[in-house]
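Working notes for the structure below.
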Protein chains: 4
Amino acid sequence: MAKLTKRKLQAIKTKAIIYDTFLEMVQECEFEKLTVEKICKKANVSVGTFYHHYRNKYEIIEEIFHRADKFFQEKMSSKQIAGKTATEQIVGFFDLLAQIYNRYGLGFSKALFNTRNNLFINDERVMVTMLRDIIVQGIAENQIISELSAEDLKRILFTTARGIVFDWCLRDGDFSLEEAMHQYILIVVRAIAA
Amino acid sequence: MAKLTKRKLQAIKTKAIIYDTFLEMVQECEFEKLTVEKICKKANVSVGTFYHHYRNKYEIIEEIFHRADKFFQEKMSSKQIAGKTATEQIVGFFDLLAQIYNRYGLGFSKALFNTRNNLFINDERVMVTMLRDIIVQGIAENQIISELSAEDLKRILFTTARGIVFDWCLRDGDFSLEEAMHQYILIVVRAIAA
Amino acid sequence: MAKLTKRKLQAIKTKAIIYDTFLEMVQECEFEKLTVEKICKKANVSVGTFYHHYRNKYEIIEEIFHRADKFFQEKMSSKQIAGKTATEQIVGFFDLLAQIYNRYGLGFSKALFNTRNNLFINDERVMVTMLRDIIVQGIAENQIISELSAEDLKRILFTTARGIVFDWCLRDGDFSLEEAMHQYILIVVRAIAA
Amino acid sequence: MAKLTKRKLQAIKTKAIIYDTFLEMVQECEFEKLTVEKICKKANVSVGTFYHHYRNKYEIIEEIFHRADKFFQEKMSSKQIAGKTATEQIVGFFDLLAQIYNRYGLGFSKALFNTRNNLFINDERVMVTMLRDIIVQGIAENQIISELSAEDLKRILFTTARGIVFDWCLRDGDFSLEEAMHQYILIVVRAIAA
DNA sequence: AATGAATGAGACTTCATTCAT
DNA sequence: AATGAATGAAGTCTCATTCAT
């Protein structure tokens, strides 16, 4: 069992403060303009401490991303899936995704949605495999009938979802991400899965 | 009555060199890491000259964007539209868009696709009005039958297209943008316009 | 007689435009931040033209200064001095000086009042000799009785006047220069000349 | 409970080196021509270090100004005032002021005496209130009899003093500031306070 | 674990001035 | 006389990162 000495507990707390402060600040301040020093000043820690916990500010973005991923999995897993059609499951999947982007905020989404972000293109992510599984099962159960492969369908759906979030960022959140996601995904799902 | 003296011509040439050099370099080098100094060195002009012609490097991106827009209009206008269905026109529209992104290159597209880029969200752009017109006419002629408004349809299509280009950037151009665009847009068009 | 060809007339006109534009701009814009390019843009002349007429922007300040000096002399000379006491003449002298600073404006005065400006310390300036003459005559006619030399008296008066204009600049013209000058000089004159 | 660790002490020392180097250099080199880089080179610190301690070079001028102010207060407070007339106190006040400008040097004075310097026009400065107190008390005790208000008297005196220092700067310190100040202030004091 | 002083490369931009036309 | 494109030195300031304490 991990023994959490006072020191270690303090360290965890400090790291959490940095994390929370960053998440708070990135909503206000463009990610690229957010410097380590600014974060530290607001978090009331020294820059040295920052570098003790994170290699750089990109690492925090990654951490947020992974935590969001994990959160997504948990929520998705706990959803009552039994009795739902593949289509319903897909729509539910992206509803949840929209909820999460909304929850982590526009600032975080803006930071994430840049073309150099290779967090997106990891096909091993549980999120990705989850969707693929839904589709594969949908095909197996004849709920989805399409000339496209599960892989293609998955890709189209993610591409669409990213297009919507990107638009949401561009338009500074001036529409409901959740509603737009639901509407668009429904359209695509019907088109590809009928 | 061209008032193009030799000096004026030289100036135009110099600006073109900067423009071309930039476009060339942005394919190799991440836009944010591309400095004015680097551009000038490669273009063999002084930094002063650069600032004589452009306010900063973002202005070049804008110029490329506007030129691409104009190029798009010209090409689109010259397309034989007569006899084509609204659906065909829409698909042709996005085929051309994909061609243009391809032509201006992955580097330029990456520079363009960031969430702070408000060049995208100008609804007055001719490109935007063109698509709306096609849709409006398609609805009027009963070629497009949808419960969605022309405005909504237009938005869905652009959002999808941006999602595809964004994906193309993320994946470093590892698929054919033109093919993907054609395929995805066809799916959406069928879904929304049937 | 100077023959003013069309070309020469044009040149004089152009120089005047630059001069006037500068005087106008220095009221708004801090002198040090006023660049040759800005002046030229506003004056609608090329930078080359600027350098054809002036060596740099300091030369315009000098020209203004000398013109103001000349203007001062003319006005001062035309004043009916006959019958006036030395004291009255001194007060009148500085009243006029205040009028001129006021007329040329706060911006010009701010540009002038810096500690590197050696236009001030030229004791050969007619303005300086004028005041000295008044004082010398005042002493000779027993209107001024002081243990101080004419030279000292002159210096004290100019120092005081400069202190007032400097204060006027510091306080952004928030009091009447002419009134303050009149009041202060009266005090000093009475003190030193009684 | 001094929390001065060795590192903190080193930091204070570094800042002092920058401060001292600046003060030394401004005597030789025109303030506007004194660049951060030059200061750092001479002080043997990096520019980063400079900006760690000061926001820009103007902040050093401010610091000098405030320290001089504080120094003035201390000296003035410690002066035996008891038994002195208001007039004597005023003259003593400006004697001290002249001493301080002399002590901080011509270069510093030149840097200070520009028309954009709003350090001067803060009427809350202790130096300002000190003089006003002396005058008010002098009026209350019938040592100063004048038709002018304490506020006006104070302003005339400061204006005169600034005129003298400005002149001293213009003439590159070619006269004794302390003597001139003493002489001029005496004249004004007698005139306004008799 | 935490601190924060120090580094210095490097980005951006300005601007006086020249000179061929 | 007038133009304005071109130059490039020089200044300001930022910021990720290190390291002794």
Side-chain angles (χ1 to χ4, degrees), chain A residues 5-15 32-41 44-58, chain B residues 5-15 32-38 40 44-57, chain C residues 5-15 32-41 44-58, chain D residues 3 5-15 32-38 40 44-58:
Chain A
T5 59
K6 240 187 215 169
R7 236 192 171 184
K8 270 186 184 161
L9 274 171
Q10 179 54 44
I12 289 167
K13 212 167 146 190
T14 302
K15 190 168 182 177
E32 290 309 329
K33 289 187 182 154
L34 205 45
T35 67
V36 172
E37 199 169 302
K38 280 184 197 161
I39 298 165
C40 292
K41 188 161 279 172
N44 273 318
V45 298
S46 69
V47 284
T49 300
F50 180 93
Y51 281 98
H52 182 75
H53 291 291
Y54 292 103
R55 229 169 335 154
N56 50 48
K57 65 177 181 171
Y58 299 95
Chain B
T5 61
K6 214 185 266 178
R7 298 191 71 215
K8 192 74 193 162
L9 275 170
Q10 178 54 46
I12 289 167
K13 210 166 147 190
T14 302
K15 188 167 183 178
E32 292 306 332
K33 290 190 181 148
L34 203 46
T35 70
V36 171
E37 205 150 29
K38 281 184 199 161
C40 292
N44 271 319
V45 298
S46 67
V47 282
T49 300
F50 180 94
Y51 283 101
H52 184 73
H53 292 290
Y54 292 102
R55 238 190 321 240
N56 49 49
K57 64 177 180 169
Chain C
T5 61
K6 238 187 218 171
R7 233 188 176 192
K8 270 186 184 163
L9 273 171
Q10 180 53 46
I12 288 166
K13 213 167 146 190
T14 303
K15 190 167 182 177
E32 290 308 331
K33 290 187 182 154
L34 206 44
T35 68
V36 172
E37 200 169 301
K38 280 184 198 163
I39 298 164
C40 292
K41 187 160 281 174
N44 272 319
V45 299
S46 69
V47 285
T49 301
F50 180 94
Y51 281 100
H52 183 76
H53 292 291
Y54 292 104
R55 230 167 334 151
N56 49 48
K57 65 178 181 171
Y58 298 95
Chain D
K3 274 188 34 175
T5 60
K6 214 185 266 178
R7 297 190 71 215
K8 191 74 193 162
L9 275 170
Q10 179 53 45
I12 289 168
K13 210 166 147 189
T14 302
K15 189 167 183 177
E32 291 306 332
K33 290 190 180 149
L34 201 47
T35 69
V36 171
E37 203 149 29
K38 282 183 198 159
C40 292
N44 271 318
V45 297
S46 67
V47 282
T49 299
F50 179 93
Y51 283 100
H52 184 73
H53 291 290
Y54 292 103
R55 236 188 323 236
N56 49 48
K57 65 177 181 170
Y58 299 95

Rounded to the nearest Å, what distance is computed from the [atom1] atom of residue [X] to the [atom2] atom of nucleotide [N]?
| X | N | atom1 | atom2 | answer |
| --- | --- | --- | --- | --- |
| D/Lys8 | E/dG4 | NZ | C1' | 8 Å |
| A/Leu9 | E/dA2 | CG | C1' | 16 Å |
| B/Lys15 | F/dG4 | NZ | P | 15 Å |
| B/Asn44 | F/dA6 | CG | C1' | 13 Å |
| B/His53 | E/dT13 | NE2 | C1' | 16 Å |
| C/Tyr58 | E/dC15 | OH | C1' | 12 Å |
| A/Lys13 | E/dA2 | NZ | P | 11 Å |
| A/Lys41 | E/dT3 | NZ | P | 14 Å |

Minimum-distance pair of heavy atoms, taken over all atoms of [X] and [Y]:
| X | Y | answer |
| --- | --- | --- |
| D/Lys33 | D/Lys38 | O-NZ, 2.8 Å |
| D/Cys40 | D/Ser46 | SG-O, 3.8 Å |
| D/Val47 | D/Glu37 | CG1-CA, 4.3 Å |

Checklist outcome for this item: Per-residue pairing states of DNA chain E in dot-bracket (Watson-Crick or G-U under 3.5 Å; . unpaired, | other strand) read .||||||||||||||||||||
Next on the checklist: How would you summarise protein contacts on nucleotides 15-21 of chain F per nucleotide, using B for base, S for sugar-phosphate only and - for none, with heavy-atom distances below 4.0 Å?
Outcome noted: BSBB-BS
Atom pair [atom1]/[atom2] of [X] and [Y] - distance to nearest 0.5 Å:
| X | Y | atom1 | atom2 | answer |
| --- | --- | --- | --- | --- |
| D/Leu34 | D/Lys57 | CG | NZ | 6.0 Å |
| A/Lys8 | A/Ile12 | NZ | CD1 | 8.5 Å |
| C/Gln10 | C/Lys13 | CD | NZ | 5.5 Å |
| D/Thr5 | D/Arg7 | OG1 | CZ | 7.0 Å |
| B/Asn44 | B/Thr49 | CG | OG1 | 11.0 Å |

Checklist entry - Just to confirm, is there a sub-4.0 Å distance from OP1 or OP2 of F/dA5 to any side-chain nitrogen or oxygen of B/His52? => result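 So the side-chain polar atoms of B/His52 do come within 4.0 Å of the phosphate oxygens OP1 or OP2 of F/dA5, strictly under.
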Checklist entry - So, is B/Ser46 close to the F/dT7 phosphate, meaning a side-chain N or O under 4.0 Å from OP1 or OP2? => result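 Yes, B/Ser46 has a side-chain N/O under 4.0 Å of OP1/OP2 on F/dT7.
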Next on the checklist: Within the structure provided, determine whether D/Tyr51 and D/Val36 are in side-chain contact (heavy-atom separation under 4.5 Å).
Outcome noted: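 When only atoms from C-beta onward are counted, D/Val36 and D/Tyr51 do touch, with a gap below 4.5 Å.
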Item to check | 5′-ward residue of the pair B/Phe50/C/Ala11 relative to DNA chain F | outcome: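 The answer here is C/Ala11.
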